[in-house]
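Taking it in order: structure first as structure tokens, then the write-up.
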Amino acid sequence: MSTTAAALDRDFFARPPRAVAAGLIGCTLLHRGVGGIIVETEAYERDDPACHAFGGPTARNAPLFGPPGRAYVYLCYGIHSMFNLVTEPDGIAAAVLIRALEPTAGLDAMRTRRGLERDRDLCSGPGKIGAALAIELSQSGADALSEPFTLLAAGTGAEVVAGPRIGLSKAAEYPWRFCLAGSPFLSRPAG
DNA sequence: GGTATGATTGACT
DNA sequence: GTCAATCATACCA
């Protein structure tokens, strides 16, 4: 790429979550300059039993009901910070979970935070991203289109593959997981 | 006030 | 392949 990648704008996120989830593959996500290329995402819709907004608004899922382009962060299994991006116009309450990155920036910081050396293991899962990028629960509801977050548009040529979602107790069979074809940085192989 | 549970990970048989 | 860790949140009394 000879030119600087364009930052994603709010219109990019004001679309149905599956479109956003597919479109995010190949884009770059940074938190305080640390992160990489998005290679795996999952979509969560409002009328989706697995979506945190399914049961209606609560204190935790409030950001989902706000404007698109915001972060929704929550703690899973008491250990892992899961990073989502809110999609759709205000109030629809859908989101995209960022599941894996190809690390490209701040490698040393990520290796230190994860206690690992291999790039391939740094961000190959949603909980790992929370740890590697040092994303905190308090950032839930924050604008993901401005500092300390950076979201850059994808280059050309990203081949996206869809498959079933992972780890859900409900509606996991929906083929709403999107991967960069052939990437070695996925949480699990595509399909 | 108490209890059940999870969009996971890492360690172990 | 199986399984425990660990705590904010949701839900019930």
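Each chain gets a letter, A, B and so on, in the order the sequences are listed, and its residues count up from 1. Keep in mind it's a predicted model, so treat the numbers as computed, not measured.
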Original post:
The side chain of A:S169 lies closest to which of these nucleotides: B:dT8, B:dG6, C:dA10?
Top reply: B:dG6

**OP:** Can you tell me the distance, in whole Å, between the OH atom of A:Y74 and the C1' atom of C:dT9?
**Re:** 12 Å

Original post:
Over how many whole Å does the gap from A:I129 atom CD1 to B:dA7 atom C1' extend?
Top reply: 12 Å

Original post:
Which part of the nucleic acid, if any, lies within reach of A:R114 when heavy atoms closer than 4.0 Å are counted: base, sugar-phosphate only, or nothing?
Top reply: sugar-phosphate

Subject >> Pairwise side-chain contact, A:Y44 with A:Y72, heavy-atom cut-off 4.5 Å (strictly under) >> reply: no

**OP:** Go through the side-chain N and O atoms of A:E40 and A:S187 and say whether any donor and acceptor fall under 3.5 Å apart.
**Re:** yes

Original post:
Any idea which of B:dG6, C:dA5, C:dA8 is nearest the A:L137 side chain?
Top reply: C:dA8

**OP:** Determine, for A:R111 against A:D119, whether the closest basic-nitrogen to carboxylate-oxygen distance falls under 4.0 angstrom.
**Re:** yes

**OP:** Give a yes or no answer on whether the side chain of A:R70 reaches the backbone of A:G141 with a donor-acceptor pair at less than 3.5 Å.
**Re:** yes

Subject >> Check ion pair A:E42-A:R99 (N to O, under 4.0 angstrom) >> reply: yes

Subject >> Common cluster, A:W176/A:I92, ILVMFWY with side-chain heavy-atom separation under 4.5 Å >> reply: no

**OP:** Answer yes or no for this row: A:Y77 ring on C:dA5 base, centroids under 5.5 Å, planes under 30°.
**Re:** no

Original post:
What nucleic acid atoms does A:R165 come within less than 4.0 Å of, heavy atoms only: base, sugar-phosphate, or nothing?
Top reply: nothing

Subject >> Between P of B:dT8 and CG of A:L168, the distance in whole Å >> reply: 7 Å

Original post:
Toward the 5' end of DNA chain C, which comes first, A:L75 or A:G55, by nearest nucleotide?
Top reply: A:L75

Original post:
To the nearest angstrom, how far is A:E136 atom CD from C:dA8 atom C1'?
Top reply: 15 Å

**OP:** May I ask you to verify if any side-chain N or O of A:R177 is less than 4.0 angstrom from the OP1 or OP2 atom of B:dA7?
**Re:** no

Subject >> Most 5' of A:A95 and A:L116 on DNA chain B, judged by nearest nucleotide >> reply: A:A95

**OP:** Taking only the side-chain heavy atoms of A:A59 (C-beta and beyond), determine which of C:dC7, C:dT6, C:dA10 contains the nearest atom.
**Re:** C:dA10

**OP:** Would you please enumerate the stems DNA chain B participates in, each stem being three or more consecutive Watson-Crick or G-U wobble pairs with both distances under 3.5 Å?
**Re:** B:1-6 with C:7-12, B:8-12 with C:1-5

Original post:
Does A:H80 put a side-chain nitrogen or oxygen below 4.0 Å from OP1 or OP2 of B:dA7?
Top reply: no

**OP:** Quickly work out the A:F54 CZ to B:dA7 P distance and round it to whole Å.
**Re:** 14 Å

Original post:
To the side chain of A:H52, which of B:dA7, B:dG6, C:dT9 is closest?
Top reply: B:dA7

Original post:
Would you say A:K128 reaches B:dG10's phosphate, i.e. side-chain N/O to OP1/OP2 under 4.0 Å?
Top reply: yes

Original post:
Rounded to the Å, how far apart are A:M82 CE and C:dT9 P?
Top reply: 15 Å

Original post:
Would you call A:P103 and A:F185 a side-chain contact if the rule is heavy atoms closer than 4.5 Å?
Top reply: yes

**OP:** Count the heavy atoms of every other residue, nucleotide or ligand shown that sit under 6.0 Å from CZ of A:R46, and state whether that count exceeds 12.
**Re:** yes

Original post:
Atom CZ of A:R188 and atom C1' of B:dA7: how far apart are they, to the nearest Å?
Top reply: 14 Å

Original post:
Within this structure, what is the CZ-to-P distance between A:R120 and B:dG10, rounded to whole angstrom?
Top reply: 14 Å

